[in-house]
Amino acid sequence: MPHRVVPRAGTRGRGWTRAALAVVVLLVVAGAGIVAWRALGPTTRLQQAMELAPADATRFSWTDWDGVRRELEAGVDADSSAEEVDAFLAEAFAADLSSTSALGTSAGVMQEQLGFSPATVSWELLAQSGAGAVEVLKVDDDVDMDAVADRLADLGWTEPDDEDGVWVGGPDVLAGVGSTLTPELQHVALLADEGLVLTSDQAPFLEQVLEGDGAPDDLADLAASLDEPLSAAVYDGAYACEHLAMAQADDDAQAEADQLVEAAGEVHPLTGFAMGVLPGGDVRAVMQVEDADDAAGDAEARARLAAGPAPGQGGEFGDRFSVERAGSEGREVVLDLRPAEGSYVLSDLTSGPVLFATC
């Protein structure tokens, strides 16, 4: 997807020039739920994962564990100890590559007790809606799903009648395995042919996910603009405008934000938001507006805001990152950010208030 580009955000005035920013975008293939995933054509891994999520999901948290292991040159695998896997998670957290994972406190116990963990998972997607949450895990080829099933049975999960059904556990089963396990592992579905493990803290919700439709096309298309992120968050407009809004800040910060927005130029409400850490460490933010005619102006205004003060968070955005490129294509505004050493851009800016993502 070509994006019209504006210079680094320190530039002011009408003399902003535009050049082409090439971003590969792959369109999501329409379909339904688990069955659709089996027939998908070429898409990003994040899009493929989102096709497995409930249709009413409003927020997605993505971790490409294959990519994280490559980025950190980590040697963890199926033979690693629980301590080695926990050390890998600590390193990933320090690099701002695991803040979107639900498995942070669970990894070592999973490796030792369940037979899979971030050491052997290819990618992880946590999808959340008003009705519930589901973890979707694509495991490596060398994970023995029959052995995982045997472990679940031995540890107290109730085996389903259908091999693709839900293994029912619950809080007592989980506590018996390890006190640090996330509640999202209470109930499990093993899809051996696809190499997928789906989990949830609600068994009925997990059953619905197995039979349901994938994520909305608009959000999947939005996620495609991140290309292949190592770690990412994707929100629908309502969630983004509530949780990233300046309304969460105190009165003084809101007044400062109003002045900064007025000086930067008009911005419009968001219909979607995505942010991800890319291989090499840069961060991309993608903000979707309702009308494509508004996107170019929003790109300029939001780039200016991203280079200035950070009311509600404190300090200056420029202390955390530089805006390397900004542009728009269609309804999407794209900011490419380069984090300062030691900053946690993704984990800091996927919760509000975030001035440049204001609605």
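None of these values were measured; they are calculated from a predicted model.
- Summarising the geometry of V333 relative to A295, their closest heavy-atom pair is CG2-O, 3.4 Å, with the distance given to 0.1 Å.
- Checking side-chain atoms of E194 against main-chain N and O of K138 turns up no donor-acceptor pair under 3.5 Å.
- Rounding to the nearest 0.5 Å gives a distance of 9.0 Å between OG1 of T158 and CH2 of W167.
- Between the T199 side chain and the E184 main chain, a donor and an acceptor come within less than 3.5 Å of each other.
- Using modelled atom types, one side-chain atom of S200 and one backbone atom of A133 make a donor-acceptor pair closer than 3.5 Å.
- Residues M275 and A285 approach most closely at CE-CB, 3.7 Å, considering heavy atoms.
- Heavy-atom neighbours of D251 CG from other residues, nucleotides or ligands within 6.0 Å: at or below the threshold of 12.
- A salt bridge links R69 to D140: one of the charged nitrogens lies within less than 4.0 Å of a carboxylate oxygen.
- A donor-acceptor contact shorter than 3.5 Å links the side chain of E124 to the backbone of A102.
- Placement of L126 and V188 in two distinct hydrophobic clusters is found when ILVMFWY residues are connected by side-chain heavy-atom separations under 4.5 Å, directly or transitively.
- V234 and L278 are assigned to two separate hydrophobic clusters, defined by single-linkage of ILVMFWY side chains at heavy-atom distances under 4.5 Å.
- Of the possible donor and acceptor atoms, one in the side chain of T350 sits under 3.5 Å from a partner among the backbone N and O of L346.
- V197 places none of its side-chain heavy atoms less than 4.5 Å from the side chain of V148.
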message: Please evaluate residues D86 and Q111 with respect to the criterion side-chain contact (heavy atoms from CB on, under 4.5 Å), reporting the C-alpha separation (whole Å), side-chain torsions for both, the decisive distance (0.1 Å), and the verdict.
response: CA-CA 9 Å; D86 282 336; Q111 176 81 353; over 6 Å; no
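- In terms of heavy atoms, A299 sits closest to G327 at CB-O, 3.6 Å.
- Between atom CD of residue E84 and atom CG of residue D79 there is a gap of 9.5 Å, rounded to the nearest 0.5 Å.
- Within 6.0 Å of the CD atom in E163, the count of heavy atoms belonging to other residues, nucleotides or ligands does not exceed 12.
- With Q254 contributing its side chain and A249 its backbone, the two residues share a donor-acceptor pair below 3.5 Å.
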- prompt: So L125 and L52, side-chain contact (heavy atoms from CB on, under 4.5 Å) or not? Walk me through it.
  reply: CA-CA 9 Å; L125 181 73; L52 303 172; over 6 Å; no
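- If you take CE on M145 and CG on D193, they are separated by 9.0 Å, rounding to the nearest 0.5 Å.
- In this structure, M110 and L185 have side chains that are in contact, with non-hydrogen atoms separated by less than 4.5 Å.
- Residues S231 and T100 bring a donor and an acceptor atom of their side chains to less than 3.5 Å of each other.
- Ring-plane geometry between Y344 and F93 is classed as tilted, the angle between the planes lying from 30 to 60 degrees on a 0 to 90 degree scale.
- The distance from the NE2 atom of H268 to the SG atom of C359 is 12.0 Å, given to the nearest 0.5 Å.
- For D236 and T58, the side-chain atoms include no donor-acceptor pair closer than 3.5 Å.
- Using a distance-only test at 3.5 Å, with no hydrogens or angles considered, a donor-acceptor pair links the side chain of R302 to the main chain of F356.
- E228 and T44 form no side-chain donor-acceptor contact under 3.5 Å, judged by distance and modelled atom types alone.
- With R45 contributing its side chain and S122 its backbone, the two residues share a donor-acceptor pair below 3.5 Å.
- Sparse packing is recorded around CG of D141, with 12 or fewer heavy atoms of other residues, nucleotides or ligands lying under 6.0 Å away.
- Residues D348 and S343 fail the side-chain proximity criterion, which asks for heavy atoms closer than 4.5 Å.
- Side-chain contact between E135 and T182 is absent, with no heavy-atom pair separated by less than 4.5 Å.
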- request: Run the numbers on D294 and E266 for side-chain contact (heavy atoms from CB on, under 4.5 Å), then give the verdict.
  value: CA-CA 9 Å; D294 296 327; E266 186 179 11; over 6 Å; no
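- For E256, the side chain to side chain contact (heavy atoms under 4.5 Å, CB included) criterion is met by L260, P309, P311, not counting sequence neighbours.
- The backbone N or O of S117 sits less than 3.5 Å from a side-chain atom of T120, completing a donor-acceptor pair.
- Here the CD-CG distance, from E91 to L72, works out to 4.5 Å after rounding to the nearest 0.5 Å.
- Both L190 and V139 belong to a common hydrophobic cluster when Ile, Leu, Val, Met, Phe, Trp and Tyr are linked at side-chain heavy-atom distances under 4.5 angstrom.
- The only member of E332, M287, E290 that meets side chain to side chain contact (heavy atoms under 4.5 Å, CB included) when paired with T271 is E290.
- For the pair V173 and Q186, the minimum side-chain heavy-atom distance is 4.5 Å or more.
- Contact annotation: the side chain of E324 approaches that of S322 to within less than 4.5 Å [non-hydrogen atoms, C-beta and beyond].
- Rounding to the nearest 0.5 angstrom, the gap separating the CG atom in L355 from the CZ atom in F317 is 5.5 Å.
- No side-chain donor-acceptor contact under 3.5 Å links D282 to the backbone of D336.
- The side-chain heavy atoms of L152 and L114, taken from C-beta on, include a pair separated by under 4.5 Å.
- Considering only heavy atoms from C-beta on, P160 stays 4.5 Å or farther from V166 through its side chain.
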field: Criterion side-chain contact (heavy atoms from CB on, under 4.5 Å) on R304 and E300, from CA distance to verdict
entry: CA-CA 6 Å; R304 291 189 180 109; E300 295 188 3; 4.2 Å; yes
- request: Might you work through the salt bridge (Lys or Arg N to Asp or Glu O under 4.0 Å) test for D227 and R284, ending with a clear yes or no?
  value: CA-CA 9 Å; D227 198 6; R284 176 169 293 163; 5.5 Å; no
